[in-house]
Amino acid sequence: MKITILYFASLREQLGCAQEVLDVEANTVEELLPILCERGPQWQQALCDNAHLQVAVNHTVVDLATPLKEGDEVAFFPPVTGG
Amino acid sequence: MKITILYFASLREQLGCAQEVLDVEANTVEELLPILCERGPQWQQALCDNAHLQVAVNHTVVDLATPLKEGDEVAFFPPVTGG
Amino acid sequence: MSQWVRVQQEDFDLSTEVARLRDGRKDIGAVVAFVGTVRDINQGDRVSTMVLEHYPGMTEKALHEIREEAHRRWRLENSLIIHRVGPLAPADQIVLVAVASRHRGDAFAAAEFMMDYLKTRAPFWKKEQTPEGSRWVDARVSDQQAAQRWEHADADI
Amino acid sequence: MSQWVRVQQEDFDLSTEVARLRDGRKDIGAVVAFVGTVRDINQGDRVSTMVLEHYPGMTEKALHEIREEAHRRWRLENSLIIHRVGPLAPADQIVLVAVASRHRGDAFAAAEFMMDYLKTRAPFWKKEQTPEGSRWVDARVSDQQAAQRWEHADADI
């Protein structure tokens, strides 16, 4: 299934990627993460070894057990610092 | 001794008096009050029978035991309602 | 009267006053401004106009003391109080309390404190015009209670 | 984007926005406005400029949810949130949260709540330029703690 993945702020810079569309088999965010982290050490560090990683699916912050479906927009980002 | 007495808001209207200079022997506010209340029932009601009466001496809210001296400015008023 | 405490008949402009409060300073991170306005309903009755009376001299002293107490209790960079007197109509601005600080917690607490103390300690009185005639506004128990929340800290001074 | 939640590059004028919020209504007695501004010192270092990045679409959704939650928790007549994005310099305005209510207690609580939730739930990120180069600003534990103060009431919804 196809999902859109977005990376923001320091994650975007570390990964050199703002947005990608991925055709992937992953039932949850938890299953998606190892697929991304296999790409190399900077992915491992930015996503899988990052205790502060935030995840949103379709504009709502979720936990890693959240199911994914075709067409979902998944976003990874660091803790927010607006205001 | 001479003191200035001011009346504000509903007290000013009840008493028909905004300000007076009085030559009076009163060591405290408590001693001043009966002298004023002898003037008639509206004075008695507005000042001596008024549980909500506020008193300031020289621009500071005080209690009735506060001493008075020559030249003091005494003000009587109801609870404040600004803001 | 200092430039940070004003009692006046004229209206005020919020942006102008906040710009004056901030004065271009780059160490300020937070401004909280409270504007009180005249409502057309009070205690169930329609209010067409009101007149605000005060005690000249004592008013300014009371407002200065409230401001100074706020600066003792919180870390503030600046603050101002403007209170109008004279005739006012519904929707008119009555009062502005504005506080500038490094971090927002100080500004929020100090602004609310200053309003609660102003409501119970500054010598202003409102007389309302209603369809039944004019009347002096009664002090509210809720304002007394709001001010009492801050009094445990009075022991510090 | 609704007229009460805006994410924009342009600056805003406090008086204009508060007048829009109040809309001449005579049932409003209290307005609390919070303005956040850029400080030239953060974590001990001088900040010359910053850039605010956000997540378009999610930002507006998060701000709407914060606003709606405030209207559920307090009796509010109106509220607005404006947050700037893009390049900003010290003393620039970053954010405006303004709340109008009948009585001041609701406006003070709701404005502080909205800021605390915005700080921890709205997807904005700051990148600062300092003499040592540029850096992403770290989230503050104190902001997390400020937001947690309100969470006991989350059980209501």
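Numbers restart at 1 for each chain; the letters A, B, ... are given by sequence-line order, proteins then strands. Not measured: the values here are computed from a predicted model. Side chains included, hydrogens not; waters and symmetry mates left out as well; all remaining heavy atoms used.
- Annotation: Lys127(C), atom NZ; neighbour count of heavy atoms from other residues, nucleotides and ligands within 6.0 Å is above 12.
- Atom CZ of Arg39(B) is surrounded by more than 12 heavy atoms from other residues, nucleotides or ligands within 6.0 Å.
- Within the 4.5 Å cutoff, the side chain of Met58(C) has heavy atoms near those of the Val61(B) side chain.
- The contact list for residues 69-82 of chain B toward chain C, using heavy atoms and a distance under 4.5 Å, reads Glu73(B), Ala75(B), Phe77(B), Pro78(B), Pro79(B), Val80(B), Thr81(B), Gly82(B) by residue number.
- For the options Gly57(C), Ala62(C), Gly36(C), heavy-atom pairs under 4.5 Å to chain B are most numerous at Gly57(C).
- Heavy atoms of Ala9(B) lying under 4.5 Å from chain C belong to its backbone as well as its side chain.
- Under the 6.0 Å cut-off for aromatic ring centres, His59(B) and Tyr55(C) qualify, their centroids lying closer than that.
- Here the side chain of Lys126(C) pairs a donor or acceptor atom with the backbone of Gly83(B) at under 3.5 angstrom.
- For the atom pair CZ of Arg135(C) and OG of Ser10(B), the computed distance is 13.5 Å after rounding to the nearest 0.5 Å.
- Most heavy-atom pairs under 4.5 Å with chain C: of the set His52(B), Arg12(B), Gln54(B), this distinction falls to Arg12(B).
- A 6.0 Å sphere centred on CD of Gln43(C) holds more than 12 heavy atoms belonging to other residues, nucleotides or ligands.
- With a threshold of 4.5 angstrom between heavy atoms, Glu13(B) approaches chain C through side-chain atoms but not through N, CA, C or O.
- Proximity to chain B (any heavy atom under 4.5 Å) is shown, for Lys119(C), by both the backbone and the side chain.
- Nearest approach of Phe8(B) to Glu53(C), heavy atoms of both residues: CD2-OE2, 3.5 Å.
- Of the listed residues Asp138(C), Val95(C), Val137(C), the one with more heavy-atom pairs under 4.5 angstrom with chain B than any other is Val137(C).
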